[in-house]
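Can you keep this structure in mind? I'll have questions shortly.
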Protein chains: 2
Amino acid sequence: MRMNEGVEWALHCCVNLSWIGPDQAVTAAKLAAFYDLPTAYLNKQLQALARAGIVSSSPGPRGGFRLAKAPARITLMDVVAAIEGPEDAFRCTEIRRQGPHAASQAEDPSPCLIDEAMRRAELAWRRELAAQTIADIRGKVEERAPDFPEQVRDWYATGKA
Amino acid sequence: MRMNEGVEWALHCCVNLSWIGPDQAVTAAKLAAFYDLPTAYLNKQLQALARAGIVSSSPGPRGGFRLAKAPARITLMDVVAAIEGPEDAFRCTEIRRQGPHAASQAEDPSPCLIDEAMRRAELAWRRELAAQTIADIRGKVEERAPDFPEQVRDWYATGKA
DNA sequence: GCACAGATACTCGGATAATCGGTGTCCGAGTTCATAAGG
DNA sequence: CCTTATGAACTCGGACACCGATTATCCGAGTATCTGTGC
């Protein structure tokens, strides 16, 4: 079980976009260059964020991506769901209904208890993700490195470190 | 992000093995036939369980698999870790150390805050999995269908539903 | 000087290949049991 | 009749193909800007 690498990229990009602010758009190429990522592939992930309403995209010159909501309203769960899709990691295939006992179990309406247990665990995971926002991450970074946001803004504006 | 299908198989097999008891071994072929699963591939999953010390395996005639520990001492976390491996789903690749800012971040010993947040969520998931045992599942099934364990034992003994 | 039409350059967006892990399968090493010979 | 050596059948165990999803890439549709012309 491995999570898409795009999730990590998307989260970092969201934090960076929160420093840029919603007034100007940043191109996928710039966002990719910041971390030496493949531009076209990062673009694909940003499209997923746009479809989920996390960022908004503008075409043409001066176009690019910007946050579509306040950072405090974007949870990690939102970003993960946007990239990974809404489906659970564990998917019950109802094997209890297969094999020699299919007949005796076919009409049983009660849910698979193993599925229930796994869902309970994933729910806890989702809860924890939903409790953390992009603003939280940003705040903690600023606590540790107060002048980092300014450096980021400068780099995106001038292209020079 | 999709979990191995083998996890579902392994959990169901562990519950079944808990009904059989540790006195007799069950072959991978029998366990597979119970749910119409591919025998050789299920065998692969059972090997993983054996390496993790969850089941013990015996070769030769009258050989097979049996639970190596009391069902109350086998958590869902144990089974998931045995099949999926011990690594986290989210793996921080430290992209903050790449690109133009590599130099300024190279010596920063503080952990990646995004990685921390994701780990916190996975920890909650692990906690929930570790809180449920095979014995718990078995107990709930027996509550709902008191004569199901007997049916299972009979099928494994005679091969007839 | 100002408005406007055209061309241009730049951006996202979805459609298209390459690569890796998960899925599925196979045959060999090792062990147990049954058998038969010998004492 | 009991012991022992032999053979055979059965099991797990790891090594070998196959497939789908993730990763990576490319070119086209659309738009804001810039330029040049006419008034």
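This one's a predicted model, so the numbers in the text were calculated from it and none came from an experiment. Here is how names work: the chains are called A, B, and so on, in the same order as the sequence lines, proteins then strands, and each is numbered from 1.
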*ring-ring contact (aromatic ring centres under 6.0 Å, His included) pairs, two or more places apart, involving residues 56-87 of chain A*: none
Would you tabulate the nitrogen or oxygen pairs shorter than 3.5 Å linking the protein to nucleotides 31-36 of chain C?
none

*Does a salt bridge link A/Arg97 with A/Glu94, judged by any charged N lying under 4.0 Å from a carboxylate O?*
yes
*Considering residues at least two apart in sequence or located in another chain, which fulfil the salt bridge (charged side-chain N to carboxylate O under 4.0 Å, His left out) criterion with A/Arg120?*
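A/Arg120 satisfies salt bridge (charged side-chain N to carboxylate O under 4.0 Å, His left out) with no other residue.
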_Distance in angstrom units between B/Glu87 CD and C/dG21 C1', rounded_ =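 Going from CD in B/Glu87 over to C1' in C/dG21 covers 12 Å.
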_salt bridge (Lys or Arg N to Asp or Glu O under 4.0 Å): pairs with one or both residues in residues 21-40 of chain A, sequence neighbours excluded_ =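 Qualifying pairs, neighbours excluded: none.
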*For the pair made of CG in A/Leu42 and P in D/dC26, what is the distance, rounded to whole Å?*
16 Å
Distances under 3.5 Å between nitrogen or oxygen atoms of protein and nucleotides 21-24 of chain D:
| from | atom 1 | to | atom 2 | distance (Å) |
| --- | --- | --- | --- | --- |
| D/dT23 | OP1 | A/Glu5 | N | 3.2 |
| D/dT23 | OP2 | A/Asn4 | OD1 | 3.2 |
| D/dT23 | OP2 | A/Tyr41 | OH | 2.9 |
| D/dT23 | O5' | A/Tyr41 | OH | 3.3 |

*Can you list the residues that meet the salt bridge (charged side-chain N to carboxylate O under 4.0 Å, His left out) rule with A/Glu116, with sequence neighbours excluded?*
none
*Report the distance from atom CD of A/Gln47 to atom P of D/dT25, rounded to the nearest whole Å.*
15 Å
_For B/Tyr35 and B/Trp9, I'd like to know if the aromatic rings sit close, meaning centre-to-centre distance below 6.0 Å._
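Between B/Tyr35 and B/Trp9, the centre distance exceeds or equals 6.0 Å.
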*In whole angstrom, what separates A/Leu46's CG from C/dC12's P?*
8 Å
_Side-chain N,O (B/Ser57) to OP1/OP2 (D/dG13) below 4.0 Å_ = yes
May I have the list of side-chain donor-acceptor pairs in residues 41-51 of chain B shorter than 3.5 Å, sequence neighbours left out?
| from | atom 1 | to | atom 2 | distance (Å) |
| --- | --- | --- | --- | --- |
| B/Tyr41 | OH | B/Gln45 | NE2 | 3.4 |

*salt bridge (Lys or Arg N to Asp or Glu O under 4.0 Å) contacts in which one or both residues fall within residues 61-85 of chain B, not counting sequence neighbours*: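 Every pair satisfying salt bridge (Lys or Arg N to Asp or Glu O under 4.0 Å) with a residue in residues 61-85 of chain B: there are none.
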*Between B/Gly63 and A/Asn43, which has a closest nucleotide on DNA chain D that is more 5'?*
B/Gly63
*What residue pairs, at least two apart or across chains, pass side-chain hydrogen bond (donor to acceptor under 3.5 Å, both in side chains) with a residue in residues 134-148 of chain B?*
B/Trp19-B/Glu142, B/Thr133-B/Asp136
*Strictly below 4.0 Å, heavy-atom distances to any atom of DNA chain D: list the hits from residues 11-37 of chain A, or just say none.*
none
*Among all residues two or more places apart in sequence or in another chain, which pass the ring-ring contact (aromatic ring centres under 6.0 Å, His included) test with A/Phe90?*
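For A/Phe90, no residue satisfies ring-ring contact (aromatic ring centres under 6.0 Å, His included) once neighbours in sequence are set aside.
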*asked:* Going by the rule side-chain hydrogen bond (donor to acceptor under 3.5 Å, both in side chains), which residues pair with A/Thr27 if we only count those two or more places apart in sequence or in a different chain?
replied: none
*Contact class for A/Ser58 (heavy atom, under 4.0 Å): base, sugar-phosphate, or nothing?*
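A/Ser58: backbone/sugar contact only, no base atoms under 4.0 Å.
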